[in-house]
2 protein chains.
Amino acid sequence: MTSRASRSGNGNPDAVGFEQHDHAACVRDGMAAAEARCAEEGLRFTSVRRKTLEILLQEHSALGAYEVLDRLREAGFGSQPPVAYRALEFLVSNGFVHKIEKLNAFIACTNPGTAHYPAFMICRSCDSVAETQSMPARGALGDAARAAGFLIERTVVEAEGLCPTCADKADT
Amino acid sequence: MTSRASRSGNGNPDAVGFEQHDHAACVRDGMAAAEARCAEEGLRFTSVRRKTLEILLQEHSALGAYEVLDRLREAGFGSQPPVAYRALEFLVSNGFVHKIEKLNAFIACTNPGTAHYPAFMICRSCDSVAETQSMPARGALGDAARAAGFLIERTVVEAEGLCPTCADKADT
DNA sequence: AGGTGTAATGTTATACAATCACATGGAGAG
DNA sequence: CTCTCCATGTGATTGTATAACATTACACCT
């Protein structure tokens, strides 16, 4: 429905919330946090799952399942779709990774460990993605849900538009 | 990632916002509203597009593109994917139909004509979908966007959970 | 009426996303 | 040690969405 540029390596690899950051550190921290949580809760943080999270932390932008699969294959893991999908499902359901529904793509969580309702800002020009929080209970959606008697369990909140950098470019 | 029951005919066909309503009237009104808007804005409300909207208004729940395509074929239209996708794109981009990203499915807008940021409540048990409004400017996402300098153009806001009916059943 | 530009449609093929079904193997519990 | 469960691997299939290109329908002008 919308045109889609190749996703790999897109966007500013240094954009978390569209800001600079110490990338090596955030990969390390992300892995450490997952490691800790898995140990704590008795989850099996196997090598495929570990590698998958590492790939997403490295890339630091949304990757399609098949791009993840490519990188897994290169790393010597299985080459069939379920290999990637199973690892992704594990990571998503434990909050280490989020799925961007609008892009059918996955991105590493920027603050794992904290239970939260994630929200995303997606730049339609450079495909960079920034994670933030939403508060469904507050706001119009929460009001509607209460009024209707609807029980919110999970939310998908994604804003599409222009990141600061691309907005500036467009202004000229 | 999530199991998916067959979507056609699912849910309570009388659930708009999970409430009863006069279905025949709402199909009629939906078609009339689209008709009016298209005339007004010089859009071509062709027979495929008309039929597609009618299908979605009739069903009154989210339909996958290929289910729409099946019904179009039965009605004597082309049978190839682009037939459905093009009609859906027209309807979506003009606000007569919304896409539910979480379901990869399409649903007729319940209040066309009004410019709005739609939001949806999706029952994971009966697959019924209710449309409501969101206000991105207000709320946590709006705050984050302003802080980051992100320009919101469109939003995807979808809550997954239990509709009143299914929540009651689950309580027993 | 005939010509022209544009939008819509039809058709074929293919890319991308996700799941099913089944076989194998290793880690942990008893 | 063995049994069981869970994770992994593989092949095949289904579902979703577009690309690319030929053709047709329609509006507008002359």
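All heavy atoms count here, side chains included; hydrogens, waters and symmetry mates do not. Convention: sequence-line order gives letters A, B, ...; per-chain numbering from 1. In this text the structure is predicted, and so the values were computed from the model without any measurement.
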B:Lys51 and B:Glu54: CA distance, side-chain angles, deciding distance, salt bridge (charged side-chain N to carboxylate O under 4.0 Å, His left out) verdict: CA-CA 5 Å; B:Lys51 184 64 188 174; B:Glu54 200 184 307; 3.7 Å; yes

Over all strands shown, is B:Ser79 touching base, sugar-phosphate only, or nothing at heavy-atom distances under 4.0 angstrom? nothing

Can you tell me how far apart [atom1] ([X]) and [atom2] ([Y]) are? Round to the nearest 0.5 Å.
| X | Y | atom1 | atom2 | answer |
| --- | --- | --- | --- | --- |
| B:Phe150 | A:Ile122 | CZ | CD1 | 7.5 Å |
| A:Lys99 | B:Glu101 | NZ | CD | 10.0 Å |
| B:Leu69 | B:Thr52 | CG | OG1 | 9.5 Å |

Between [options], spot the one nearest the side chain of [X], thanks.
| X | options | answer |
| --- | --- | --- |
| B:Arg86 | C:dT11, D:dA17, D:dT10 | C:dT11 |
| B:Lys99 | C:dA18, D:dA17, D:dT8 | D:dA17 |
| A:Gln80 | D:dG11, C:dA18, C:dG10 | D:dG11 |
| A:Tyr66 | C:dA18, D:dG9, C:dA8 | C:dA18 |

Examine C:dA18: is either OP1 or OP2 under 4.0 Å from a nitrogen or oxygen in the side chain of A:Tyr85? Give yes or no. yes

Report yes if a side-chain nitrogen or oxygen of A:Asn104 is closer than 4.0 Å to either non-bridging phosphate oxygen (OP1 or OP2) of D:dT16; otherwise report no. no

Give the residues of residues 33-45 of chain B touching DNA chain D, defined as any heavy atom closer than 4.0 Å, sorted by residue number. none

Let me know the distance between [atom1] of [X] and [atom2] of [N], rounded to the nearest Å.
| X | N | atom1 | atom2 | result |
| --- | --- | --- | --- | --- |
| A:Glu89 | C:dA17 | CD | C1' | 14 Å |
| A:Arg50 | D:dA7 | CZ | P | 14 Å |
| B:Phe90 | C:dA8 | CZ | C1' | 11 Å |
| B:Phe77 | D:dT24 | CZ | C1' | 16 Å |
| A:Lys102 | D:dA17 | NZ | P | 11 Å |
| B:Phe106 | D:dA17 | CZ | P | 5 Å |
| B:Leu88 | D:dT16 | CG | P | 12 Å |
| B:Leu103 | D:dG15 | CG | P | 16 Å |

Which atom of A:Ala62 lies closest to which atom of A:Val129, heavy atoms considered: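 Scanning both residues completely, I find the closest heavy atoms to be CB-CG2, 4.3 Å.
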
Could you pull out the closest heavy-atom pair between B:Leu162 and B:Cys166, with the gap in Å?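 What the structure gives for the nearest pair is CD2-CB, 4.1 Å.
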
Can you say whether the rings of B:Phe106 and B:Tyr85 are parallel (under 30°), tilted (30 to 60°) or perpendicular (over 60°)? perpendicular

On DNA chain C, check which nucleotide each of B:Pro82 and B:Arg49 is closest to and give me the residue with the more 5' one. B:Arg49

